[in-house]
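Okay, so here's the structure we're looking at.
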Amino acid sequence: MWSIICHGGAGSISSDVETAHREGCEGALRAGIEILERGGAALDAVCETVRRLEDNPVFNAGIGATVDENGMVSCDAAVCNGRDLGYGAVGAVSGVRHPIDLARAVMEDGRHALLVGPGAIQFARQRGIELVDPKRMETDPSRARWWFTSAESPPEGDTVGAVARDRSGHLAAATSTGGLLRKYAGRVGDSPIAGAGTYARDDLGAVSATGHGETFMRTVFAFQALQSLSRAPEAPEEVLRLELDQATARIGGRGGAILVLPDGRIAFARNTDRMGVAWAAQGKPLQTAF
Ligand code: GLY
């Protein structure tokens, strides 16, 4: 049985953009479903889903990602293959049209797991990953967030991600983000950190997190959640929510997460006001939540 779930970020998101978030998640998920339906790999499905979310300026990833303290877009992304623990990630990259493509290229190269800054851009050039003028990553919504949201405001919607199980029982997770609004230049969040914002292991599950990255890094959130789920697999949504609440109570911040278990069950949880989500499974209809 295949199954897949994606998120468009957790946060204090205005209800004005509910339709855009639901439709954006749904459209991206359909690309992943198509891959899984024809027997494709979970890894391909999550990368394609996240790629579509990066293309949608409604979300804080890829085109339209939010800006740092200097008004610049810089992105983080990661992909994890549950089949062999293949892992590729990039941090603080500017002008990469699809950061998830670069993360996947890092994984496929296999020599390292995480590349950051100018070295990551050099690697992108060598691998033929599409680069654009960093200014083109900004859009009216991302600029508007910078000008009209105070530094103290919670993020409007943070990060995109997808997790999936394919017909062969393999799992994968992918996450991509512009990070926190007005972050320090050079800041890297949880999304590209293995076991914090992104993780997949065939025998445990796959998780993609969204929210306050420092919290997820300091609690090794994704791996911790999967460990807890392996001890109480009968109530995945409750366990995920408990892990989320414990992490944010300990460190601060808020967020959300999606997961798929080895048997294909999917779940999501958030302790923010909203989080756009879309999910589907073999023989079951696509659903969305916000
Ligand atoms: N969760 C995304 C970030 O903090 O960068």
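All residue numbers in this chain count up from 1 along the given sequence. As the structure lists them, so they are numbered: ligands from 1, and atoms in each ligand from 1.
- Atom CD of Q224 is separated from atom CG of L244 by 12.5 Å, given to the nearest 0.5 angstrom.
- Taking all atoms of both residues into account, the shortest heavy-atom contact from L204 to L226 is O-CD2, 3.8 Å.
- Not close to ligand 1: G197, with no non-hydrogen atom less than 4.0 angstrom away.
- Qualifying salt bridge (charged side-chain N to carboxylate O under 4.0 Å, His left out) partners for D84, counting only residues two or more places apart in sequence or in other chains: none.
- An N or O contact shorter than 3.5 Å is missing between G179 and ligand 1 by distance.
- Of all the heavy atoms of A209, none lies under 4.0 Å from any atom of ligand 1, so neither backbone nor side chain is involved.
- Using a 4.0 Å cut-off between a side-chain N of Lys or Arg and a carboxylate O of Asp or Glu, E214 and R218 do not qualify as a salt bridge.
- Those atoms of ligand 1 with a heavy atom of G189 less than 4.0 angstrom away are 5 (O).
- Ranking the protein heavy atoms by distance from atom 5 (O) of ligand 1 puts R187 NH1, 2.6 Å first.
- Residue-ligand proximity, T159 to ligand 1, at heavy-atom distances under 4.0 Å covers atoms 1 (N), 2 (C).
- Taking any N or O of D190, backbone or side chain, at least one lies under 3.5 Å from an N or O belonging to ligand 1.
- Ligand-side atoms of ligand 1 in range of S191: 2 (C), range being under 4.0 angstrom from any heavy atom.
- A donor-acceptor pair is defined here as one N or O able to donate and one able to accept, closer than 3.5 Å; such a pair exists between the side chain of R165 and the backbone of P262.
- D68 and R187 are not joined by a salt bridge, as no carboxylate oxygen comes within less than 4.0 angstrom of a charged side-chain nitrogen.
- Near G211, meaning under 4.0 Å from one of its heavy atoms, ligand 1 places the atoms 1 (N), 2 (C), 3 (C), 4 (O).
- We find that E234 and R265 are not joined by a salt bridge, their nearest charged nitrogen and carboxylate oxygen being 4.0 Å or further apart.
- Considering both main-chain and side-chain atoms, G213 comes within under 3.5 Å of ligand 1 through a nitrogen or oxygen pair.
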